[in-house]
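First the structure, in the form of structure tokens, and then the observations on it.
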Amino acid sequence: MTFLVKSMMNQFSKPLSLAFAVASCFSTSVFAQSNELQPQVIITAGRQPQVAKDVLADNVVISSEQILRSGATSIVDLLAQQRGIEISRTGGAGSVSSVFIRGAANSQSVVFVDGVRIGSSTTGGATWSSIPLSQIERIEIVYGPLSSLYGADAIGGVIQLFTKKSGAQSRTSLSAGIGSHHLRKVEIGIFGSSASNFQYSLNTAKESSDGFSASKPGAGAFTYNADNDGYTQKSFNGNLAWKLTPELTAGVNFVQSTLDVNFDAGPSYNDRGQQKFDNVATFVKGKLASNWNSSLQFSRNTDRVYTDASYGKGQADTAQRGWTWQNDVNFGRDVLQIVVEDREEDVRTNTVGLNGKRDTQSYALGYTLKQDGHLASISARLDDSSQYGRHSTGGIAYGYKLNDALRVNASYGTSFRAPTFNELYYPGFGVASNRPELGKNKEVGVYYDDNVLQFSAVYYQNKITDLLVSTNPCPVEVSTHRYGCAFNVNKATLSGLTLGASVRLGTWDLRSSVDIQDPQDDTTGKRLARRAKRHASFGMDYRFADLTLGLESLVSGERFDDAANRNRLAGYGILNFIAKYPLSADWSLLARWNNLTNKDYELARNYRTPGSNFFLGLSYGAK
């Protein structure tokens, strides 16, 4: 471990220097009172609202202001700037994307939208390109295993997206923008409330781009096509909430998106696809006693993918339906939590033998303690699946506050990932007896937050057994699969050190993150595909009168595109520029210039990424 850290520091000295400089070169006495930031509140880490700096799990909160200020045009681009996260993408916006949290695969992390679990049960993980950033108000990222809170697949972490909702005041928002590759965006929303304790919000958006050719000639004759691969996305979301009594609230959240996108699968056909995303949740929440909060939610999510390509037409739909009953009982500052859930997954495809259902019933118990300088949490969960049987997970964490700003903590947690329907049933590939992957994670961390300066340093080690990989030849028990299969044959270790820092210095906002990691397949000794050993992000904003100018940089070391580590993806660094200017109290102008140096880099072998490009947006009433 010592050798690894020293080696990484030598090769990544500049990023590390900046991270530590932000954390250590300033004392709180330097800052004026006006520099203080409002404490962040996070829900996802414990399934209840908590002040972020009191949460024992490592976390990041991306506020509506930060989303607006970033000028990002997709969720994946926004997530790429956060610590502990890497992405891969086969082309521009709208193309197939994966998000890796702490080296974990896209299928080894869980994504929620307004408390509803989303994703594909055939491929595993969220279909990121179908989720519109235009409908998202806030994002919470929690790192580490959370299966004891959320069940299957929460090995690397959990990301929760919250859609736009109304505040105390009624308002209308409008925005429009244009950019490179004939990018066009328009959005309109209405948000309001009435004296009868009724709140509502409705927001609709459309985005389209002519795009660029997703593939390069090196992709080969069965992939490369020189045509532009554009997309059109239409989305809509709404929120209705009624305060029936002072202690009882009922409501519904819904979001829908349709993405039509072109991709490359050879030169002789106009390959295209359509992705549909629907999410609905109805809820009721209130107090059963002065110290007892209870909520009941019924939800439905559908993930539909249709392709029309040179190799044929395909359809893969996942419908998830379920309910969650959560009870939080307060004992002073301590909280006892009891959760009962049921989730049904229904897969419908045009592939013979792949269709099917599975139902998972879950029971979870947790306790959070806050006493003087001591913070602790313990949780346990049982998931009973009609397909892969029973699995129990647990987590324990302890933290001690050395003072109001500085805390040290340690934690241990177990997790698992359920096999996807492809890994179980896909003809000639799936094996019905495949078992869930199992994870055991331990970590230690140091956190500092005085509402002006924030700094965190976390070391983690996540051991995964029964790793499901594509292997050829197959084990003898499934030797009928002539061209390889999915099977529980490997082990992996996801270990690393992640550093994050941010500070406000008068008219300057500075932030940085550095990740030094070793995501390794222990069976082969190879690095996991498309993960770098070092990656970092840096950003700064300068406020001059009403004008805000910003720079952000993303740096990554080399990666490999394949499990055998034969196809190398070179390291890269890109620089983006953002400017925002309020034209009046309600109107504002935003300009973003991405990849200033026109860096040519790859996130997937022989697939293009955007060169130097711009976006110019005008908004009214945006919050």
Side-chain angles (χ1 to χ4, degrees), residues 43-49 110-121 126 131 140 142 146-154 158-163 165 237-245 247-256 277-289 292-304 317-329 335-348 356-366 379-393 416 418 421:
I43 298 171
T44 310
R47 303 185 67 129
Q48 57 180 309
V110 178
V111 180
F112 288 86
V113 174
D114 292 332
V116 180
R117 182 175 174 141
I118 68 170
S120 167
S121 295
I131 309 171
E140 296 181 355
V142 184
L146 277 86
S147 285
S148 60
L149 290 177
Y150 294 106
D153 310 333
V158 172
I159 296 176
Q160 181 151 206
L161 314 171
F162 296 89
T163 56
K165 297 177 178 64
N237 101 276
N239 165 257
L240 306 173
W242 295 265
K243 194 169 185 180
L244 303 175
T245 71
E247 306 295 342
L248 185 65
T249 301
V252 58
N253 301 317
F254 51 91
V255 58
Q256 189 274 334
F277 168 78
D278 293 278
N279 208 62
V280 179
T282 58
F283 63 89
V284 58
K285 56 185 179 180
K287 284 183 174 292
L288 300 183
W292 183 356
N293 294 297
S294 185
S295 64
L296 180 63
Q297 176 177 275
F298 295 89
S299 64
R300 177 184 60 81
N301 171 263
T302 56
D303 182 290
R304 299 183 176 98
D317 298 347
T318 297
Q320 299 189 68
R321 294 175 288 270
W323 55 267
T324 300
W325 183 31
Q326 178 172 325
N327 296 272
D328 298 330
V329 184
V335 180
L336 171 67
Q337 187 174 88
I338 304 168
V339 179
V340 182
E341 292 184 308
D342 184 85
R343 179 168 66 100
E344 180 188 76
E345 300 166 77
D346 187 357
V347 170
R348 292 287 177 263
K357 294 183 180 181
R358 66 183 177 197
D359 184 81
T360 304
Q361 297 178 344
S362 306
Y363 311 89
L365 187 67
S379 57
R381 180 178 173 117
L382 174 66
D383 291 277
D384 189 1
S385 170
S386 61
Q387 185 185 68
Y388 53 80
R390 292 186 174 188
H391 279 268
S392 58
T393 51
F416 75 101
F421 275 64

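- Heavy-atom minimum distance, Thr318 versus Val347: OG1-CG2, 4.2 Å.
- Of the listed residues (Asp278, Asp342, Asp346), just one forms a salt bridge (charged side-chain N to carboxylate O under 4.0 Å, His left out) with Arg321, and that residue is Asp346.
- No side-chain heavy atom of Asp303 sits under 4.5 Å from any side-chain heavy atom of Ile118.
- Taking the six-membered ring for Trp and thresholds of 30 and 60 degrees, Tyr150 and Phe112 have ring planes inclined between 30 and 60 degrees apart.
- Residues Thr393 and Leu149 have side chains not in contact (no heavy-atom distance under 4.5 Å, counting atoms from C-beta outward).
- Here the side chain of Gln297 pairs a donor or acceptor atom with the backbone of Gly115 at under 3.5 angstrom.
- Asp383 approaches Gly151 most closely through the heavy-atom pair OD2-CA, 3.6 Å.
- Here the CZ-OG1 distance, from Phe277 to Thr302, works out to 8.0 Å after rounding to the nearest 0.5 Å.
- A distance-only check finds a donor-acceptor pair linking the side chain of Gln337 to the backbone of Gly46 [under 3.5 Å].
- Of all heavy-atom pairs between Lys165 and Thr163, the closest is NZ-O, 3.1 Å.
- Taking CH2 of Trp325 as the reference point, atom OG of Ser294 lies at 6.0 Å (rounded to 0.5 Å).
- Inspection of the Arg47 and Gln326 side chains reveals an N or O donor paired with an N or O acceptor under 3.5 Å.
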Check the pair Phe162 / Asp114 against side-chain contact (heavy atoms from CB on, under 4.5 Å), numbers first and verdict last. CA-CA 5 Å; Phe162 296 89; Asp114 292 332; 4.0 Å; yes
Verdict with supporting geometry, Ile338 and Tyr363, side-chain contact (heavy atoms from CB on, under 4.5 Å): CA-CA 8 Å; Ile338 304 168; Tyr363 311 89; over 6 Å; no
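- Heavy atoms only, all atoms of each residue included: Ala152 and Val110 are closest at O-CG2, 3.4 Å.
- A heavy-atom distance below 4.5 Å is found between the side chains of Lys357 and Arg348.
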Assess the residue pair Asn293 and Lys285 against the criterion (side-chain contact (heavy atoms from CB on, under 4.5 Å)); give the C-alpha distance rounded to whole Å, side-chain angles, the decisive distance to 0.1 Å, and a yes or no. CA-CA 7 Å; Asn293 294 297; Lys285 56 185 179 180; over 6 Å; no
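- Between Glu341 and Arg381, at least one side-chain N (NZ, or NE/NH1/NH2) sits under 4.0 Å from a carboxylate O, which counts as a salt bridge.
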Apply the test side-chain contact (heavy atoms from CB on, under 4.5 Å) to residues Leu161 and Ile131: give CA-CA distance (whole Å), side-chain angles for both, the deciding distance (0.1 Å), then the verdict. CA-CA 10 Å; Leu161 314 171; Ile131 309 171; 3.7 Å; yes
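- Side-chain N or O atoms of Asn301 include none that pairs as donor or acceptor with a backbone N or O of Val116 at under 3.5 Å.
- Using modelled atom types and a 3.5 Å distance limit, the side chains of Ser386 and Asp359 yield no donor-acceptor pair.
- In this structure, CG on Asp317 lies 9.5 Å from OG on Ser120, to the nearest 0.5 angstrom.
- A donor atom on one side chain and an acceptor atom on the other are not found under 3.5 Å apart for Arg343 and Ser362.
- The backbone N or O of Leu288 lies less than 3.5 Å from no partner atom in the side chain of Glu247, so there is not a single donor-acceptor pair.
- Listed for the Glu140 side chain is a donor-acceptor partner under 3.5 Å among the backbone atoms of Ile43.
- Within 6.0 Å of CH2 on Trp292 lie no more than 12 heavy atoms contributed by other residues, nucleotides or ligands.
- Between Phe254 and Asn239, the closest heavy-atom pair is CE2-N, 4.4 Å.
- Considering every non-hydrogen atom in both Arg358 and Ser385, the closest pair reads CD-OG, 4.5 Å.
- The shortest distance between side-chain heavy atoms of Phe298 and Val280 does not fall below 4.5 Å.
- Atom CG of Leu244 sits about 7.0 Å away from atom OG1 of Thr249, to the nearest 0.5 Å.
- For the atom pair OG1 of Thr282 and CG of Leu296, the computed distance is 8.0 Å after rounding to the nearest 0.5 Å.
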